[in-house]
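What you are looking at is a predicted structure, and each value in this text was computed from that prediction instead of being measured. Values below: all heavy atoms of this structure, side chains included; hydrogens, waters and symmetry mates excluded.
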2 protein chains.
Amino acid sequence: MFTTIHDVARIAGVGVGTVSRVINNSPGVRPSTREKVLSVIAELHYKPDPIARSMISKRTGAIGVIVPFFTRPFITEMLKGVESTLAHLEKELVIYNVENDSQRDRYFTELPMRRKVDGLLVISLPVADAVSSSFKDAGLQVVLVDAYSPYLTSVVVDNIQGAYEAVKYLLSLGHRRIGFINGIIEGNFKFNQANDRLIGFHRALGEAGLPFSPELVQTSAWDRDGGKAAAMQLLTLKKRPSAIFAASDMQAIGVIEAARMLHIDIPGELSVIGYDGIEISELLELTTMHQPTLQMGELGIARLIEQIEHPDQAPELIRFNATLIERRTTSPYSADKGTDAFDAIEAL
Amino acid sequence: MFTTIHDVARIAGVGVGTVSRVINNSPGVRPSTREKVLSVIAELHYKPDPIARSMISKRTGAIGVIVPFFTRPFITEMLKGVESTLAHLEKELVIYNVENDSQRDRYFTELPMRRKVDGLLVISLPVADAVSSSFKDAGLQVVLVDAYSPYLTSVVVDNIQGAYEAVKYLLSLGHRRIGFINGIIEGNFKFNQANDRLIGFHRALGEAGLPFSPELVQTSAWDRDGGKAAAMQLLTLKKRPSAIFAASDMQAIGVIEAARMLHIDIPGELSVIGYDGIEISELLELTTMHQPTLQMGELGIARLIEQIEHPDQAPELIRFNATLIERRTTSPYSADKGTDAFDAIEAL
DNA sequence: TTGTACGCGTTATCAA
DNA sequence: TTGATAACGCGTACAA
């Protein structure tokens, strides 16, 4: 902008203080004066410079969101919730995308310093205690979504329960040899999502009195290719599983691809259940554990805004549950197909 | 931050000017002095306040991207390219998502005023001449991607050619009754993408000497539901088409869903070709016209950065082509199936 | 080579 | 109710 508050003040024949008061709807301005100033503002198309404003207020009106691979469906569905409430509040959404751990660490150490955002929403990224306390020290408000820290308010879904239910469901269909493709993050991220899902898997297996077969557990990137590669391993085992639980829908889609390549019929010979409940899973008729991503995003950002207005809130843990969506990639185990059919062929 | 440039100067026993020179690598500082200042900076963990800096430089180091429905696959694939080059340059990515025309217009008028971004990348949104000149007046650098304005450098794909080739391909397979599901934007956007695709459609039809049947052209939202609804119309026609060209992959996916509901076999009874070439199209084995989304995003942002460094460049038009990816949702027309089979049933 | 002082556009304080 | 003026933290002429 070229016209400043001084121009307005001069032309309106008042002091800059008065103009400022008018802009900010501060009381103590005679209506007639306000009118006059307002008309000059309109005439000059004057807009206060946001940078100069934040120079004093120490606020930018922007919210940072730090996420891994922000273009993945699971993430974008969360972002949808985040964006809509942010736009409603006329706040900017700035994205910090991280694709490896060094990048993540850099953001975590630098973001508190450069005060370019009023608050930070961390999605699906683990934050160490040291990091969370550096946030505190810098006075940066932070909320976690799909991640947990005892020191920061966190919005999570119960991944143990989710995985447990997924496997339980497979068990209820009669499956006994159940493969698990867990997720890992490129680089050295340590997602506790993955750990929790593994725990849920074990718990369900244990309850059913089933032994744990290490070869049935694979770890892969949280995407199609990762799931596909892991599934290739699982499905070319001597005794391959009759069902596979994938830690994300994208990985489950990879499983479907692998099965297709190997001419294994789903769900006839192989049951597949995913996790996340992303939009495309519906089209693929993929059975999955649905996470309320949109709501998590909305709630997370709402909490963050609240914290920015009223700092010094005690951290809170908000839990959601994953819910089973039964579709057509799972079916009851039948002994004459799948594993045993494969065994029969082997026996030739 | 609490420590300022003054603290550093005082502790290092120099003037603020010297500290500033050190920070900005300005020449004319004795090495020993530089050392001393640097060590104090490190000791105090001092970081210059970006807000105060932009107060002087008039730059924020942020790039705005204004997009419709930024969570759609076609858009996110472009954003992937945008984000990666931006992160590389240590610039922030701020997203302005628009879901209707009034929101778009508000951003277009306000963004030039509030100088919160150094440049603006407009994706898939039409910008009126008046808007483009307001950008100029405000000195805001702008580049268009998947959109065109004679006054702004634009990165586009030739949609006429793309649609033409798609229909041409269907024609080469022997199809004569070809349905077209074009896109429209919620609200009152007027995407020229849609117009161009319609032109390409007509051109191919005309060359083949085929008449234009208005009932075979539908317009829908650029998403799954839109495509599905439009396909339901097309596929329940007395004489339904033997092939459908959808203006986006998401719409094509909707067509697949509709066909599934109507028990119409793809590609046996119906050929489907999409547009965009989003990742999921591969899994679905959808034949499609692929757009180089990633490259478009990368190139667009590269141009924008260049313009910010060197303003007053003449606007340039950069064209890409869409390329056919043949997969399995299309097959040669066979008279004994599809339309005629349907007719036969009707005849009973 | 280095320090001082001013300006960037606001808001806030304090007399008047 | 108002206007002048001091911050806010930094970059940069200009003087030393």
Side-chain angles (χ1 to χ4, degrees), chain A residues 1-41 44-62 110 112-118 138-139, chain B residues 1-41 44-62 110 112-118 138-139:
Chain A
M1 281 297 297
F2 294 116
T3 85
T4 77
I5 198 172
H6 286 99
D7 300 322
V8 176
R10 184 168 37 78
I11 296 180
V14 299
V16 291
T18 304
V19 178
S20 178
R21 275 180 282 257
V22 170
I23 294 171
N24 300 297
N25 287 317
S26 301
V29 180
R30 189 186 310 153
S32 62
T33 316
R34 181 179 297 273
E35 277 310 311
K36 186 172 52 178
V37 172
L38 244 22
S39 77
V40 173
I41 286 178
L44 266 46
H45 295 104
Y46 165 76
K47 283 274 181 187
D49 180 345
I51 298 178
R53 283 188 127 166
S54 26
M55 184 82 188
I56 306 243
S57 70
K58 294 298 171 200
R59 287 227 191 158
T60 62
E110 289 183 4
M113 314 297 290
R114 46 207 257 225
R115 328 182 98 311
K116 305 202 74 170
V117 292
D118 297 339
Chain B
M1 281 296 297
F2 295 116
T3 86
T4 75
I5 199 171
H6 286 99
D7 300 322
V8 176
R10 185 168 35 78
I11 296 179
V14 299
V16 291
T18 304
V19 178
S20 176
R21 277 180 282 259
V22 171
I23 294 171
N24 300 297
N25 288 317
S26 300
V29 180
R30 191 188 306 154
S32 63
T33 315
R34 181 179 297 274
E35 278 310 311
K36 186 172 51 180
V37 172
L38 245 22
S39 77
V40 174
I41 286 179
L44 266 47
H45 296 105
Y46 166 77
K47 284 275 180 186
D49 180 344
I51 299 178
R53 284 187 125 170
S54 33
M55 185 81 191
I56 305 222
S57 69
K58 294 298 170 198
R59 287 225 192 160
T60 62
E110 288 182 6
M113 314 297 288
R114 45 208 257 226
R115 325 184 98 311
K116 305 202 76 170
V117 293
D118 296 340

Please walk me through it: do A:V14 and A:V19 pass side-chain contact (heavy atoms from CB on, under 4.5 Å)? CA-CA 7 Å; A:V14 299; A:V19 178; 3.7 Å; yes
[N] [atom2] sits how many Å from [X] [atom1], rounded?
| X | N | atom1 | atom2 | answer |
| --- | --- | --- | --- | --- |
| B:K116 | C:dT10 | NZ | P | 14 Å |
| B:K58 | D:dT12 | NZ | P | 13 Å |
| A:I41 | C:dT10 | CD1 | P | 10 Å |
| B:R34 | C:dT1 | CZ | P | 10 Å |
| B:K47 | D:dG9 | NZ | P | 18 Å |
| A:R115 | D:dC10 | CZ | P | 12 Å |
| A:I51 | D:dG9 | CD1 | C1' | 13 Å |
| B:N25 | D:dT12 | CG | P | 13 Å |

Among [options], the one nearest [X] by side-chain distance:
| X | options | result |
| --- | --- | --- |
| A:V14 | C:dG9, D:dT2, D:dG3 | D:dG3 |
| B:T18 | D:dT1, C:dT2, D:dG9 | C:dT2 |
| A:H6 | C:dT2, D:dT1, C:dT10 | C:dT10 |

Check: [X] side chain, [Y] main-chain N or O, donor-acceptor pair, under 3.5 Å:
| X | Y | result |
| --- | --- | --- |
| B:T33 | B:V29 | no |
| A:S20 | A:V16 | no |
| A:N24 | A:S26 | no |

Treat primed atoms plus P, OP1 and OP2 as sugar-phosphate and everything else as base, then score nucleotides 11-16 of chain C 5' to 3': B for base contact with protein heavy atoms under 4.0 Å, S for sugar-phosphate contact only, - for none. BB----
Using the salt bridge (charged side-chain N to carboxylate O under 4.0 Å, His left out) criterion, which residues pair with B:K116? Sequence neighbours excluded.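 Only A:E92 meet the salt bridge (charged side-chain N to carboxylate O under 4.0 Å, His left out) criterion with B:K116.
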Take B:Y46 and B:V40 through the side-chain contact (heavy atoms from CB on, under 4.5 Å) test and state the conclusion after the steps. CA-CA 8 Å; B:Y46 166 77; B:V40 174; over 6 Å; no
So if I take the C1' atoms of five pairs at each end of the helix from C:dT1-D:dA16 to C:dA16-D:dT1 and get each local axis, what angle do the two axes make, rounded to 10 degrees?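 Answer rounded to 10°: the end axes differ by 50°.
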Residue pair A:R34 / A:R21: nearest heavy atoms and the distance that separates them: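 Smallest heavy-atom distance, with atoms named: NH1-O, 4.4 Å.
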Shortest non-hydrogen contact from A:R115 toward A:T60: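 Heavy atoms only, the tightest pair is O-CG2, 3.5 Å.
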Report the C-alpha distance between B:V8 and B:V22 in whole Å, list the side-chain angles of each, state the deciding distance to 0.1 Å, and finish with yes or no for side-chain contact (heavy atoms from CB on, under 4.5 Å). CA-CA 11 Å; B:V8 176; B:V22 171; over 6 Å; no
Can a side chain N or O of A:T33 be found less than 4.0 Å away from OP1 or OP2 on D:dT1?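 For A:T33, the contact criterion (side-chain N or O under 4.0 Å from OP1 or OP2 of D:dT1) is not met.
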